[in-house]
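Written out below as structure tokens is the structure these notes cover.
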Amino acid sequence: MEQLIDLKRLRFEQNLSQQKLGDLLNVTKQQISNIESGKSKLTADQKEILIKNFGDILQSQMNESTPDPKDCITVDYIHINPSCGKGTSVYYDTDITPIKLGTQMLQSVLKVSHPQNLKVFKASGDSMTPTIEDSDMLLIDTGRTDYNNGGIFLLTINNDWFIKRLRRRLTGELDIISDNEKYPVETFQPEQNIEVYIKGRVIKNLSRGL
């Protein structure tokens, strides 16, 4: 069982952030990230803690057979890290990596416009904390661009990429909202010469179970 521990999957299924799992294992959030990316390995003591707390879940994962490819869809991971902060400028051709997501997980995501519209982006910055942390992987539905009812969106402002909560006022102003209270709300007036394009809606935080 010890060699088959999948921290990222465990966190997703238990709705644990990297910080919470790090607290349990007495390591930093960065160390959890390094383990998940393969840069570091779990120690024997850390494996023992995980087995003590999640033994039944880990045993169930170990007993599962390899998923049928028909039960997965392939989603493009776009190598642009939209900012939860000052904005991400892109001056290069974007790399794309295909990743697979289980349809069973996607069944819990409501109102997906179409599976082909799903993309994955990695967030950058802290302005959407605690909802979205730096380096969280976000599932974006690029077919959902209507923000009149609010929500968290992937957007560009004058060609810089952001992840922000949006709110349209009755008077026409657009509020750009950060969940981190230390960042003030930015309000754009209709007459301002600012190009805002909605690229899609955040429908799942794959790292934190949004």
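A quick note: this is a predicted structure, and the numbers were derived from the prediction, not measured. All values below come from the heavy atoms of this structure, side chains included, with hydrogens, waters and symmetry mates left out. Sequence positions, counted from 1, serve as the residue numbers for this chain.
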Smallest separation among heavy atoms of [X] and [Y], with atom names:
X: R201; Y: I152; answer: CG-O, 3.5 Å
X: S178; Y: M128; answer: CA-SD, 3.8 Å
X: N158; Y: N193; answer: OD1-O, 4.5 Å
X: F54; Y: L16; answer: CZ-CD1, 3.9 Å
X: S124; Y: N81; answer: CB-O, 3.8 Å
X: P190; Y: G172; answer: CG-O, 3.6 Å

Do the non-hydrogen side-chain atoms of [X] and [Y] ever get within less than 4.5 Å of each other?
X: L7; Y: L42; value: yes
X: I35; Y: Q46; value: yes
X: I140; Y: L118; value: no
X: Y197; Y: T145; value: no
X: D126; Y: D134; value: no

Using 0.5 Å steps for rounding, measure from the [atom1] atom of [X] to the [atom2] atom of [Y].
X: N205; Y: L139; atom1: CG; atom2: CG; result: 10.0 Å
X: F162; Y: L154; atom1: CZ; atom2: CG; result: 11.0 Å
X: Y183; Y: I176; atom1: OH; atom2: CD1; result: 15.5 Å
X: I198; Y: F153; atom1: CD1; atom2: CZ; result: 6.5 Å
X: Q18; Y: I32; atom1: CD; atom2: CD1; result: 7.5 Å
X: T43; Y: Q31; atom1: OG1; atom2: CD; result: 10.0 Å

| field | Over 12 non-hydrogen atoms of neighbours within 6.0 angstrom of CD in Q189 | value |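 More than 12 heavy atoms, drawn from other residues, nucleotides or ligands, come within 6.0 Å of this atom.
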| task | Could you tell me whether Q14 atom CD has more than 12 heavy atoms of other residues or ligands within 6.0 Å of it? | result |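 Enclosed: over 12 neighbouring heavy atoms sit under 6.0 Å from CD of Q14.
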| said: Main chain of M137, side chain of S207: is a donor-acceptor contact present, judged purely on distance under 3.5 Å? | reply: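 The answer is yes, because a donor-acceptor pair under 3.5 Å joins these two groups.
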Does [X] have any side-chain hydrogen bond (donor to acceptor under 3.5 Å, both in side chains) partners at least two apart in sequence or in another chain, and if so, which?
X: K122; answer: none
X: Q30; answer: N34
X: Q19; answer: D23
X: T171; answer: E173

| request: Assess whether side chain to side chain contact (heavy atoms under 4.5 Å, CB included) is satisfied between L50 and L21, documenting all intermediate values. | output: CA-CA 9 Å; L50 290 173; L21 189 56; 4.0 Å; yes
| task | Just jot down the side-chain contact (heavy atoms from CB on, under 4.5 Å) partners of N148, sequence neighbours excluded, or say none. | result |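 N148 satisfies side-chain contact (heavy atoms from CB on, under 4.5 Å) with D146, R168 only.
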| Who pairs with I49 by side-chain contact (heavy atoms from CB on, under 4.5 Å), at least two apart in sequence or on another chain? |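 With neighbours one apart ignored, the set is L24, L25, N53.
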| request: Report the residues that fulfil salt bridge (Lys or Arg N to Asp or Glu O under 4.0 Å) with K199, sequence neighbours left out, ordered by chain and then residue number. | output: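 Per chain and number, K199 pairs via salt bridge (Lys or Arg N to Asp or Glu O under 4.0 Å) with no residue.
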| task | Scan residues 189-198 for pairs that pass salt bridge (Lys or Arg N to Asp or Glu O under 4.0 Å), counting only residues two or more places apart or in two chains. | result |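 Matches after skipping sequence neighbours: none remain.
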| query | For residues 26-43, which residue pairs qualify under salt bridge (Lys or Arg N to Asp or Glu O under 4.0 Å), counting only residues two or more places apart or in two chains? | reply |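 Checked against salt bridge (Lys or Arg N to Asp or Glu O under 4.0 Å) - neighbours excluded - the pairs reaching residues 26-43 are R11-E36, K29-E133.
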| said: The test is side chain to side chain contact (heavy atoms under 4.5 Å, CB included); show your working for V202 and F121 and say whether it passes. | reply: CA-CA 10 Å; V202 178; F121 289 79; over 6 Å; no
| In the hydrophobic clustering that connects Ile, Leu, Val, Met, Phe, Trp and Tyr at side-chain heavy-atom distances below 4.5 Å, which members other than I177 occupy its cluster, ordered by chain and number? |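 Answer for I177: V185.
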| request: Show your reasoning for whether side chain to side chain contact (heavy atoms under 4.5 Å, CB included) applies to Y147 and L155. | output: CA-CA 11 Å; Y147 56 91; L155 66 149; over 6 Å; no
| task | Among D136, N180, D179, find the residue that satisfies the side-chain hydrogen bond (donor to acceptor under 3.5 Å, both in side chains) test when tested with T131. | result |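 So the option named by the test is D179.
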